[in-house]
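Worksheet for the structure shown next.
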Amino acid sequence: MEFISHMHLALEEARAAAGRGEVPVGAVVISPTGEVVGRAGNRTRELSDPTAHAEILAMRMACAAAGSERLPGHDLYVTLEPCPMCASAISQARIARLYYGAADPKSGGVAQGPRVFAHPQCHHVPEVYDGIGASEAERMLKDFFAARR
């Protein structure tokens, strides 16, 4: 089976988030048949909702499309390493594969910090692939925060 990355779609969502004044993080959920079933960028400020991270919003859309709280066989692409909240939600949704771009040494929850998927209380661990589109994601984040300083 040929690997087809969908990170370019997550990067589009991140650029749109930056355009709205949100931290530029984007995410897409791909069904087992290869179709996009959820896509979003951060909307925490717009919605006044601390849980409105790109991953959460994209998974909500995918769950609504699937009519289920679980997404077995689905892939999630996100431009930044998920935080602990999002990593836990990824596990709860039973996402099969997680692809992320930039590492997040300050707030990450996968390879950094609490490493949610390594915790004994984690019920499901997706396959994790990091560094996909990392340079563009990192550049977008650095430019966003540099403009605010």
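Taken together through direct or relayed side-chain contacts under 4.5 Å among Ile, Leu, Val, Met, Phe, Trp and Tyr, V125 and V110 form part of one hydrophobic cluster. Both L9 and I132 belong to a common hydrophobic cluster when Ile, Leu, Val, Met, Phe, Trp and Tyr are linked at side-chain heavy-atom distances under 4.5 angstrom. Hydrophobic clustering keeps Y99 apart from V25 (ILVMFWY residues linked when any side-chain heavy atoms are closer than 4.5 Å, directly or through intermediates).
Remark: L11 pairs with M7, R15, T79, E136, A137, M140 by the side-chain contact (heavy atoms from CB on, under 4.5 Å) rule, at least two apart or across chains. In this structure H119 satisfies the side-chain contact (heavy atoms from CB on, under 4.5 Å) test together with Q121, sequence neighbours excluded. Scored by the side-chain contact (heavy atoms from CB on, under 4.5 Å) test, C83 finds H53, M85, C86 as partners (sequence neighbours excluded).
When all heavy atoms of A40 and A54 are compared, the closest pair comes out as O-CB, 3.5 Å. When all heavy atoms of D75 and R97 are compared, the closest pair comes out as OD1-NE, 2.6 Å. What you find for G21 and F144 is that their closest heavy atoms are O-CZ, 3.8 Å. Residues A52 and L47 come closest through the heavy atom pair CB-CD1, 4.0 Å.
When atom types are taken as modelled, the side chain of E81 and the backbone of Q112 share a donor-acceptor pair closer than 3.5 angstrom. E55 places no side-chain N or O within 3.5 Å of a backbone atom of I90 that could act as its donor or acceptor partner. Of the possible donor and acceptor atoms, none in the side chain of H124 sits under 3.5 Å from a partner among the backbone N and O of A93.
Between the CG atom of L98 and the CG atom of D130 there is a distance of 9.0 Å, given to the nearest 0.5 Å. Here OG of S88 is found 5.0 Å from CD of Q92. Values are rounded to the nearest 0.5 Å. For the atom pair CG (L141) and CG (L80), the distance works out to 5.5 Å, reported to the nearest 0.5 Å. Between atom CG of residue L57 and atom CG of residue D49 there is a gap of 7.5 Å, rounded to the nearest 0.5 Å.
Aromatic ring pairs are classed by plane angle as parallel below 30°, tilted from 30° to 60° and perpendicular above 60°; the pair Y77 and H6 is perpendicular.
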Which atom pairs, one a donor and one an acceptor, fall under 3.5 Å between side chains of residues 100-108 and the rest of the protein, sequence neighbours left out?
residue	atom	partner	partner atom	Å
D104	OD1	K106	N	3.3
D104	OD1	S107	N	3.0

Exercise answer: donor-acceptor pairs, residues 27-34 side-chain atoms, under 3.5 Å, sequence neighbours excluded:
residue	atom	partner	partner atom	Å
S31	OG	T33	N	3.2
S31	OG	T33	OG1	2.8
S31	OG	G34	N	3.4
S31	OG	E35	N	3.2
T33	OG1	E35	OE2	3.4

Distance-only criterion, 3.5 Å: show the donor-acceptor pairs between side-chain atoms of residues 59-68 and protein atoms not counting sequence neighbours.
residue	atom	partner	partner atom	Å
R60	NH2	T51	OG1	3.4
S68	OG	R70	N	3.1
S68	OG	R70	O	3.3

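With contacts defined as side-chain heavy-atom distances shorter than 4.5 Å, the pair T44/E22 qualifies. At least one side-chain heavy atom of R45 sits under 4.5 Å from a side-chain heavy atom of V23.
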